[in-house]
Structure formats: C-alpha cells, structure tokens
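Report on the following structure.
Convention: sequence-line order gives letters A, B, ...; per-chain numbering from 1.
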Amino acid sequence: MVAKPIIAAEKAVELIKEGDTVMVGGFLGCGSPPALIDALEQQGTKNLTLVCNDTAFLNFKTGACTHVAKLVAKKQFRKIVVSHIGTNQETQRQMNEGETEVVLVPQGTLAERIRAAGAGLAGVLTPTGVGTEVQEGKQVLDVDGRKFLLEKALPGNVALLKAKKADKAGNLVYDKAARNFNPLMAMACETVIVEADEIVEIGQLDPEIVVTPSVLVHYLVRSKKQG
Amino acid sequence: MVAKPIIAAEKAVELIKEGDTVMVGGFLGCGSPPALIDALEQQGTKNLTLVCNDTAFLNFKTGACTHVAKLVAKKQFRKIVVSHIGTNQETQRQMNEGETEVVLVPQGTLAERIRAAGAGLAGVLTPTGVGTEVQEGKQVLDVDGRKFLLEKALPGNVALLKAKKADKAGNLVYDKAARNFNPLMAMACETVIVEADEIVEIGQLDPEIVVTPSVLVHYLVRSKKQG
Amino acid sequence: MEYTANKEVIAKRIARIFKDGDVVNLGIGLPTLVGNYVPAGVTIVLQSENGFLGLGPAPAPGREDPALVNAGGGFVTIQPGGAFFDSAMSFAIIRGGHVDATVLGVLEVDQKGNLANYKIPGKMVPGMGGAMDLTVGAKIVVAATEHFDKSGASKLLRACKLPLTAAGQVDFVCTDVGFFEVRNGTFVLKEYFKPYTVDYILEKTDADIVVDKDCREVDLG
Amino acid sequence: MEYTANKEVIAKRIARIFKDGDVVNLGIGLPTLVGNYVPAGVTIVLQSENGFLGLGPAPAPGREDPALVNAGGGFVTIQPGGAFFDSAMSFAIIRGGHVDATVLGVLEVDQKGNLANYKIPGKMVPGMGGAMDLTVGAKIVVAATEHFDKSGASKLLRACKLPLTAAGQVDFVCTDVGFFEVRNGTFVLKEYFKPYTVDYILEKTDADIVVDKDCREVDLG
C-alpha cells in the first residue's frame with residue numbers, strides 16, 4: 001500500500017483555485033474540517049461553488065459564525081448548493097439580495113447526486129420533489145406509471161473532509177454522526193483532502209471497519225486536536 | 001430497540017411463495033447462506049426468480065454442486081438474473097435449451113439496480129453496456145453529450161443473506177469478501193432473512209461498525225456453525 | 001369558545017399512532033416533542049436523517065458529544081442497538097420506504113395532502129433539508145401543527161399558496177383541536193379534542209371537512 | 001518464423017505499464033499473471049471487484065480462508081492497509097474512475113477498441129461479470145491476449161464479430177508478439193517482441209496496423 005502525503009492545512013488549500021467547486025463535509029458543522037476551513041478563509045480564494053449539506057450557523061444578533069459560514073461571510077462563494085440555510089442569516093441575505101446564487105437541493109437528492117458523480121453514474125431517478133419547485137427545469141420520466149425526476153450527478157474539484165482516524169494510506173473512519181456527507185464527497189472530487197484527528201500507520205486500521213477506502217483519498221492533514 | 005424473531009431455516013423459507021423473486025447474497029458462494037439454501041431446496045418451491053451475482057459452481061464432470069447451484073439443479077427458477085454463469089454448466093444448459101430465462105446483467109449495474117430498489121429510486125443512468133447487447137430494449141439518454149442506459153430498480157420479495165454476526169435487533173456485520181451483495185439485497189426486499197454465524201445481545205455491536213442497520217432486517221436464523 | 005395553542009396535545013395524540021417497533025423520523029421543533037409521549041409498552045426506533053438509527057434523549061449536562069447531535073444540531077445520545085451511517089444510506093432508508101412514519105412541521109397543509117413547510121418566498125427560506133425525501137419516502141406522513149397561526153388564520157387550507165414541500169403525500173394532520181385524515185381530496189375529521197366541538201372546527205377551518213362516521217371526542221388534557 | 005504462445009511475455013510487458021501507487025484490477029486467467037511481474041520499486045494496489053482493495057498473494061497451504069477469495073473464487077490474502085466493502089462501493093470505485101488500469105482477457109479485440117470476451121452465442125456464455133463496468137470505468141483498459149488462437153487465426157481484428165463487452169474502450173492491446181495502442185480506429189504498433197519482426201506482425205494480423213515512428217524491438221525473454 002502506498003502512503004499519501006501528509007501536508008499542512010495552508011498547503012492543502014493551495015490546491016483550491018478560483019472558480020473551483022469545493023465540497024465540504026459536515027451537517028450543521030458536525031463533521032466539517034475546521035483547520036481546512038480556516039485555511040481557506042485565510043487564503044481568501046473567491047468565486048468558488050460550495051457543495052455542502054448546509055451553510056452552518058451565522059446569526060446577526062449573537063454574532064455566531066461557524067464552519068463554512070465563515071467562508072459565506074467572506075463572500076468566497078458565487079454559488080452555494082445546499083439543502084438547508086435556515087441557520088445562516090447571511091446566506092439568506094445574500095440570496096434574497098441576489099448577491100450569491102443559492103440552489104436548494106433536497107438532502108437525499110444531494111446525497112445521491114454526489115454519490116452518482118463518484119460512482120460514474122450520470123444521475124438517478126428520484127420521486128423526491130415531483131410536483132414542487134424542485135422539478136423546474138428538470139426532465140421528468142415516467143417509469144412503470146409513476147413520475148420521477150432525473151437528478152444529475154454533481155461532481156466537485158476539491159473535497160475538504162473530516163475523519164476521526166486515517167491510516168497513512170488514506171483509509172478513513174469517522175466519528176458517530178460526523179460521518180454524514182464525508183464518505184460521499186470522498187468519491188466525487190478530483191482532489192480529496194482529509195483532516196484527521198489521528199493518523200496511524202498502514203496496517204493499524206481493521207480492513208472490515210474502514211468506511212472510506214484509501215483509493216479515494218489524496219492528501220491528509222493533521223487536525224489541531226492532534227497537536 | 002426491538003428484537004427480531006430468531007427462527008429455524010425451515011420456517012424462514014416458508015415465507016417464500018411460488019412466483020416470488022428471491023435475492024441470494026454471495027459471490028461464487030462466498031457470502032451465501034448455506035442453511036437457508038438447503039431449506040429452500042428441501043421445500044422445493046418452484047417458478048421462482050433468482051437474483052444473485054452468479055449461479056455458483058455446477059460441473060457435470062466432477063459433480064460439484066454448491067450454494068444456489070443446488071436450486072438451479074432442482075429447476076426451482078423460471079428466471080435467473082445474474083452477472084455470471086461461467087462456473088455453472090447446468091445454468092448454461094438450461095439457458096441454451098430454453099428451459100430457463102437467464103438475464104445477464106453487468107455486475108456493477110446489478111449492484112446499482114438492487115441498491116436503487118432499496119433506496120426508493122426508479123433507476124440510475126450508467127455508461128456500462130452502451131453499444132453492447134445489454135443496451136437492447138433500454139432507454140438511452142443523452143446527458144451532457146454522452147450516452148447512458150436507464151437501468152431500472154430491481155426489487156425482490158425475499159432476501160436470503162449471510163452475516164458473520166448479528167445482534168438481536170438485526171444489525172449486521174459481514175466477513176471479509178463475503179460481504180459483496182448482502183448489504184444491498186438487505187435494502188431491496190420486502191422480507192429480509194439473515195443467516196448469522198453469531199447472534200449477540202442488543203448493545204453488543206459497536207454502532208460505528210454496523211454495515212446493515214437493524215431496520216432493514218426482519219428475521220434471523222442461526223447458521224449451523226453456531227450449533 | 002376561545003382557542004389556546006397547545007403543542008402538548010398535538011404531541012400526545014400523534015404519539016398514539018405508533019405500533020411497537022415502528023421506525024420513526026421526527027422533524028425538528030414541535031414534532032420532536034412527540035417522542036416524549038410514546039405510550040408505555042410501545043418502543044419506537046428513532047431515525048435521525050443526519051445519519052443514525054436509535055436516537056436517544058439529550059445527554060446529562062457535561063456528557064455532550066459534539067459528534068452526536070440530531071438533525072437540528074442538538075446534543076443527543078444513541079440507544080443500545082443503534083447504528084451510524086452516511087447520508088446516502090440515511091436517505092436510502094428514508095426514500096426506500098424503510099421508515100414507518102414521519103412527523104413534520106407545517107407552514108400550510110391542504111385537503112389534497114399537499115404540505116408547505118420550507119419556504120416563504122422573499123421572506124424566510126430555510127430550505128427543505130430532508131423534508132422532501134421524508135414526505136415521499138415514509139409510509140405514513142403526519143403533519144403536526146397548531147390549528148391557527150398567530151393572526152388566527154387556519155393553517156389547514158383548501159389549497160396551499162406557498163411552494164410545496166410535497167404534493168399529495170400527507171396522510172394525517174394533527175392539530176390542537178382535532179385529528180384529521182386526508183382522504184379523496186378532503187380532510188376527514190376523526191377526533192375532536194376537548195373542549196372543542198365539531199361545529200367549532202367546521203366553522204373555523206378554511207377547508208372542506210367530512211366528519212367521519214366514527215368521529216369522537218377525545219380528552220388529551 | 002514460427003509462433004509460440006507465451007503468456008509470460010504478455011504478463012511481463014503489461015506489468016511495466018504501471019506507475020507506483022496505481023490501483024489496478026486484473027481479470028481472471030491470463031491477466032492475473034501480470035501481478036507476478038511488477039518491477040521492483042513499483043507498488044500497485046490491486047482491487048478485487050468482489051469487494052476489497054489490497055488483494056495479496058495466495059495464502060500458505062492450510063491458511064486458506066473461505067471468506068477471503070478473489071473474483072475467480074481463488075484463495076487470496078489482503079495486504080496491510082486494505083479495506084473490504086460491498087459490491088455497490090466496489091463498482092463505484094470501478095465505474096467512478098478510481099481505478100487506474102484494468103487488464104482483461106480477450107476472445108476478440110478490434111482496431112476500434114471494441115472488446116468481446118463474455119459470450120459465444122449458443123456455445124459458451126459465461127456472462128460479463130464485472131468486465132463491462134471495468135472497461136467503461138478504468139482509466140486505462142489493457143486487453144491481454146495471445147496473438148493467435150489455437151487454429152492460428154489472429155485475435156486482433158478489423159471488427160469484432162462476437163457480442164461486445166465494450167464499445168471503443170480498449171486503450172492498449174498486449175500480445176506475445178507486440179504491444180499496440182488503439183488510436184483513431186487503427187492499431188498502432190509500439191513494440192515488437194523478440195524474435196518477431198514488424199513484417200511478420202503486419203503480414204499475420206488481420207487488422208489495420210500503423211507502425212509508430214518510435215516503434216522498437218523489445219526483448220522480454
């Protein structure tokens with residue numbers, strides 16, 4: 001098995017170029033990679049497209065601003081593809097004022113579209129969204145008398161992921177509900193960067209419990225937890 | 001968490017009725033449930049449709065006949081949906097002589113069709129099989145200038161699966177390469193019956209390493225290994 | 001008769017829908033309360049769409065785990081026999097019909113079973129999150145809502161005006177005045193809750209309601 | 001010059017294609033031999049489509065594990081750093097372009113990059129197994145075949161007659177007489193193997209062949 005480069009977060013985000021589609025793991029921040037997000041904010045790259053479950057927390061009153069919300073606040077995205085923005089007032093403001101294109105995707109459809117990209121499928125036929133605004137502009141197919149939307153694969157350039165533990169080959173396991181979109185995004189991006197709380201030697205992860213196999217991972221970054 | 005019934009293999013296969021579509025886990029028999037297959041052979045139910053990766057081993061010269069090949073030999077299937085029959089001379093004979101309908105499906109397409117059924121999708125768009133006989137009779141869709149086949153979901157009535165370990169709620173883990181199609185078939189059938197080498201109390205399986213969550217499993221059967 | 005909003009009544013009634021062993025997904029907010037009123041002898045298994053089965057109650061103070069939260073980001077626990085999985089598996093379970101029931105909050109719900117709960121154009125656009133998949137995938141979809149909004153307008157309508165979360169997917173609507181089934185394009189009143197009356201409900205609700213032949217008064221006090 | 005079938009030459013040459021770290025899927029039969037000749041200093045990671053990464057050599061006698069077999073059912077081992085997964089993930093890896101190269105056996109291969117290797121109608125129909133996904137998904141598809149069949153007929157053709165496993169997906173064909181690239185609808189001869197000559201190959205092969213400007217003799221003896 002071949003070891004993957006272990007690099008600093010600041011080096012890792014240099015792989016992200018203006019105009020790229022960046023996928024960020026996590027669900028309301030649970031399972032998002034904090035060091036990679038901070039480094040991308042520091043780098044300041046603009047005109048990105050974000051693919052994420054949501055845009056985490058940003059509250060004008062309390063001043064709370066967490067995870068990808070930091071990048072939203074810095075206006076690094078020209079387009080945001082997520083299932084939920086209800087906890088981020090700034091995303092709603094940018095959308096309502098036409099500053100940023102926000103595409104709302106049903107969460108299960110988002111998961112399948114990302115997975116499809118990673119699995120070499122052009123898309124899936126889902127009943128979700130039939131008869132709603134989500135249907136607009138999409139091909140509707142009749143299969144055995146029922147209507148389905150053709151939802152196309154959603155690939156990305158760079159994935160920023162968070163794992164609990166990685167081996168040096170890039171095999172990953174996650175922490176409880178922090179798994180969520182991370183394993184799917186690992187399949188769907190040209191460059192996959194993983195912030196891991198712990199990095200162990202090759203052979204120290206049981207092959208039965210690996211969730212993301214090494215072949216899908218390109219770079220490892222040590223989380224600050226690890227020191 | 002609610003416990004699932006633990007029943008005898010003979011009782012379990014009574015859930016299979018003439019005309020049913022039966023999915024059987026395993027890859028050349030590795031990961032197939034021996035006690036359930038033997039019980040179904042004993043019961044002798046006919047006119048079944050088999051969905052499996054392959055039809056295991058049946059060799060006219062050596063007399064070898066393993067796993068689902070036993071059911072093929074007894075002519076319990078009117079239709080066989082698999083990716084490979086090269087190791088089963090009887091399946092080839094039945095196909096060539098028109099006794100049994102054999103549908104050959106590319107292995108990755110078979111996996112996705114089963115998964116789609118379990119995931120509530122009507123199908124997927126795959127590039128696999130474009131320009132081959134597999135394309136015949138299927139809708140070809142052009143997505144962003146490339147051709148894809150619409151491969152429809154493939155659901156089943158009863159799944160016969162093999163696990164290494166189950167807890168009484170029905171959470172499952174598998175044994176190495178014996179995993180293969182088992183977790184997918186667990187999603188795709190109305191009734192899911194699992195032959196497990198070991199059945200432990202609820203709470204004794206780490207929720208992080210469960211491969212098939214309990215909600216997908218309906219009955220447990222003790223394998224003979226367990227005594 | 002005066003209307004007093006009462007979330008507890010809604011949660012109590014919905015909790016009686018479940019059979020032992022049911023797999024249930026409860027939306028954030030009012031629907032989450034339902035979990036507190038499941039009758040003794042009935043065990044339900046809660047699915048959390050962010051990726052696990054066996055959602056348990058909030059942890060004791062000091063025992064919070066940032067990696068163990070529900071779909072609203074609140075700290076929770078996991079029950080023995082639970083399991084973690086990724087978002088694709090989570091929604092395969094939801095969309096694939098492996099969830100027995102879901103309970104969802106409401107902006108508007110109409111007599112055709114349409115539900116609107118994710119968007120007030122130009123005003124509030126939280127997004128649909130998992131709600132569109134839940135309404136399409138769960139075997140039983142229950143809309144949980146106070147009967148009237150703060151201005152006193154009926155939340156049960158002849159036709160939703162807001163963008164739909166799901167078209168024709170709602171099976172039951174439970175409010176704090178009664179329990180309704182959606183059948184053939186009308187609401188069917190199955191139960192009215194003390195102290196409200198059938199006449200009160202028919203008069204105040206801006207929708208077509210058929211009174212079930214077995215309709216009865218229920219006291220959820 | 002007389003032709004002698006030589007699988008070893010084919011395996012040796014193909015093994016030189018790989019870069020360090022490549023993820024490779026080797027078909028059953030002749031392609032499996034390729035694993036034995038990977039040059040020192042190059043580590044490849046073998047993917048086994050029945051569900052794991054890090055396929056290792058056959059175990060010592062007595063150490064066979066019935067749950068640890070390759071896609072042909074043969075006993076194997078798993079390398080440190082390997083991982084098991086289900087068939088959907090296995091083919092997501094294959095179809096999704098995460099496999100750098102696949103080596104597949106041949107019944108017929110033609111100059112348009114068509115491959116036939118799963119069916120001789122009415123005679124032998126093993127089925128395509130994972131081959132159709134592998135040809136579509138792997139970044140590089142190498143067809144491995146003896147140059148002639150037992151009757152002496154060329155296995156490289158102008159156009160396949162048998163049902164196709166894949167249309168236009170083959171990148172390279174390696175036989176025991178030479179190494180060919182498939183380019184713009186013809187075979188391009190890149191190397192001829194000692195003791196065969198360019199003229200021998202052009203004369204005996206039933207297909208259009210362009211001789212690459214850098215074409216050279218290679219000794220794989």
Which heavy atom in Met1(B) sits nearest to a heavy atom in Gly82(C), and how many Å separate them? CE-N, 3.9 Å

With side chains defined as the heavy atoms from C-beta onward, is the minimum distance between Val215(B) and Ile93(C) less than 4.5 Å? yes

For chain B, which residues from residues 23-44 of chain C have at least one heavy atom closer than 4.5 Å to it? Val23(C), Thr43(C)

Sub-4.5 Å side-chain heavy-atom contact between Pro213(B) and Phe85(C): yes

Minimum-distance pair of heavy atoms, taken over all atoms of Ile202(B) and Pro80(C): CG2-O, 3.6 Å

Most contacts with chain B, counted as non-hydrogen pairs under 4.5 angstrom, among Gly54(C), Ala83(C), Gly137(C): Ala83(C)

Tabulate, in ascending numerical order, the residues of residues 117-139 of chain B having at least one heavy atom closer than 4.5 Å to a heavy atom of chain C, or enter 'none'. Gly118(B), Ala119(B), Gly120(B), Leu121(B)

Around atom NZ of Lys194(C), are there more than 12 heavy atoms of other residues, nucleotides or ligands at under 6.0 Å? no

Shortest non-hydrogen contact from Gly21(C) toward Val2(B): CA-CG2, 3.4 Å

Around atom CG of Asp219(C), are there more than 12 heavy atoms from other residues, nucleotides or ligands closer than 6.0 Å? yes

Taking all heavy atoms of Gly81(C) and all of Asn171(B), pick out the closest pair and write down the distance. O-ND2, 2.7 Å

Rounded at 0.5 Å granularity, tell me how far CE in Met187(B) sits from CE in Met89(C). 5.0 Å

Pairwise side-chain contact, Ile78(C) with Glu208(B), heavy-atom cut-off 4.5 Å (strictly under): no

For Tyr219(B), I'd like to know if atom OH has over 12 heavy atoms of other residues, nucleotides or ligands within 6.0 Å. no

Could you check whether atom CD of Gln43(B) has more than 12 heavy atoms from other residues, nucleotides or ligands sitting under 6.0 Å from it? yes

